[in-house]
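Here the structure is laid out as structure tokens; the discussion comes afterwards.
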Amino acid sequence: MENIPHIRPPMGTSVEDCLRITRKHLHRFLQDPSRVPQMNPQNAWEWNERLPALSQFLGAYLHQNYSEFYASPEAAIDEYVSEAEPDDRAQAAQEITELLTMVSSDQELDTATTALGLDLLPPQGTSLRQWLELIRRRITVA
């Protein structure tokens with residue numbers, strides 16, 4: 001029983017209530033996986049779980065205090081490229097592609113990238129989508 005995570009139910013519900021709800025969802029999924037709605041992540045935790053390499057890159061290199069460490073966003077990206085393992089860069093690039101495919105509006109993209117740790121605006125005259133494409137190419141080529 002030590003390997004089972006502790007369940008902390010919301011106020012007014014019991015562990016058993018939570019497990020009953022989960023059981024129904026799992027049963028439906030096992031009967032017909034195509035009926036499970038495909039939703040984009042809804043909060044920062046879900047975005048970080050879904051796109052961990054991109055979250056690590058954006059949160060560590062393109063955060064709001066990047067200017068304390070780098071002369072420009074390009075310098076931050078260059079350092080990431082020089083320090084990160086090729087597999088990590090490839091994963092982050094793949095996750096940028098996934099993100100750009102998942103979200104259709106600029107507002108959704110802004111919400112997602114903020115949740116993933118990006119605290120910078122794209123360069124003047126460049127949309128966020130275009131900037132992410134440029135970043136993807138930059139980290140892939142290296």
Side-chain angles (χ1 to χ4, degrees), residues 2-15 17-142:
E2 291 178 23
N3 292 332
I4 297 174
H6 293 283
I7 297 173
R8 294 191 176 121
M11 269 309 225
T13 61
S14 68
V15 170
D17 294 332
C18 294
L19 292 173
R20 262 188 234 98
I21 292 168
T22 303
R23 180 176 175 223
K24 290 176 188 176
H25 289 291
L26 288 173
H27 180 71
R28 274 197 306 254
F29 172 74
L30 292 172
Q31 295 301 313
D32 184 7
S34 67
R35 291 184 55 208
V36 175
Q38 299 300 316
M39 294 178 55
N40 285 343
Q42 300 298 303
N43 57 48
W45 182 86
E46 290 176 0
W47 280 112
N48 287 287
E49 286 294 309
R50 179 80 175 264
L51 305 170
L54 184 56
S55 172
Q56 175 63 29
F57 165 54
L58 296 177
Y61 291 88
L62 298 176
H63 52 79
Q64 67 185 5
N65 297 326
Y66 87 95
S67 62
E68 294 177 23
F69 306 98
Y70 309 105
S72 67
E74 291 74 24
I77 295 166
D78 287 344
E79 184 166 311
Y80 172 75
V81 168
S82 70
E83 290 181 346
E85 295 294 323
D87 289 348
D88 293 336
R89 291 195 322 267
Q91 182 65 34
Q94 187 277 324
E95 289 177 8
I96 289 173
T97 301
E98 185 178 342
L99 172 63
L100 294 175
T101 302
M102 289 170 58
V103 297
S104 56
S105 75
D106 291 342
Q107 182 178 6
E108 286 177 301
L109 186 58
D110 183 59
T111 299
T113 54
T114 298
L116 289 164
L118 178 65
D119 286 326
L120 304 178
L121 294 173
Q124 186 85 22
T126 305
S127 73
L128 180 55
R129 190 170 292 275
Q130 291 168 329
W131 192 37
L132 288 170
E133 278 290 344
L134 292 169
I135 291 171
R136 185 188 61 76
R137 284 194 293 272
R138 173 67 181 100
I139 67 177
T140 302
V141 172

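Worth saying up front: this structure is predicted, and the values here are computed from it rather than measured.
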[X] versus [Y]: any side-chain heavy-atom pair under 4.5 Å?
X     : Y      : value
Asn48 : Trp45  : no
Tyr80 : Ile135 : no
Glu46 : Asn43  : yes
Leu62 : Ile77  : yes

Starting from the C-alpha separation in whole Å, work towards a yes-or-no answer on side-chain contact (heavy atoms from CB on, under 4.5 Å) for Glu108 and Thr111.
CA-CA 5 Å; Glu108 286 177 301; Thr111 299; 5.6 Å; no
Would Leu134 and Arg137 count as a side-chain contact (heavy atoms from CB on, under 4.5 Å) if you check the C-alpha gap in whole Å, the side-chain angles of each, and the deciding distance to 0.1 Å?
CA-CA 5 Å; Leu134 292 169; Arg137 284 194 293 272; 3.2 Å; yes
Side chain to side chain donor-acceptor pair (under 3.5 Å) pairs, two or more places apart, involving residues 121-130:
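Output for this query lists Ser127-Gln130.
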Any side chain to side chain donor-acceptor pair (under 3.5 Å) involving residues 60-69? Give me the pairs, sequence neighbours left out, ordered by first then second residue.
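Those involving residues 60-69 are Tyr61-Glu83.
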Salt bridge present between Glu74 and Arg138 (N-O < 4.0 angstrom)
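No, Glu74 and Arg138 are not salt-bridged.
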For the student: nearest non-hydrogen atoms of [X] and [Y], plus distance:
X     : Y      : result
Arg89 : Ala84  : NH1-O, 3.0 Å
Pro73 : Trp131 : CB-CZ2, 4.0 Å
Pro41 : Trp47  : O-NE1, 3.4 Å

Taking only residues at least two apart or on different chains, which pairs with a member in residues 93-124 satisfy ring pair (Phe, Tyr, Trp, His ring centres under 6.0 Å)?
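Non-adjacent pairs meeting ring pair (Phe, Tyr, Trp, His ring centres under 6.0 Å): zero.
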Quick one: does [X]'s side chain have a donor or acceptor within less than 3.5 Å of a partner on [Y]'s backbone?
X      : Y      : value
Asp110 : Gln107 : no
Ser55  : Leu51  : no
Gln91  : Ala53  : no
Asn40  : Met102 : yes

Leu99 and Thr113: CA distance, side-chain angles, deciding distance, side-chain contact (heavy atoms from CB on, under 4.5 Å) verdict:
CA-CA 9 Å; Leu99 172 63; Thr113 54; 3.9 Å; yes
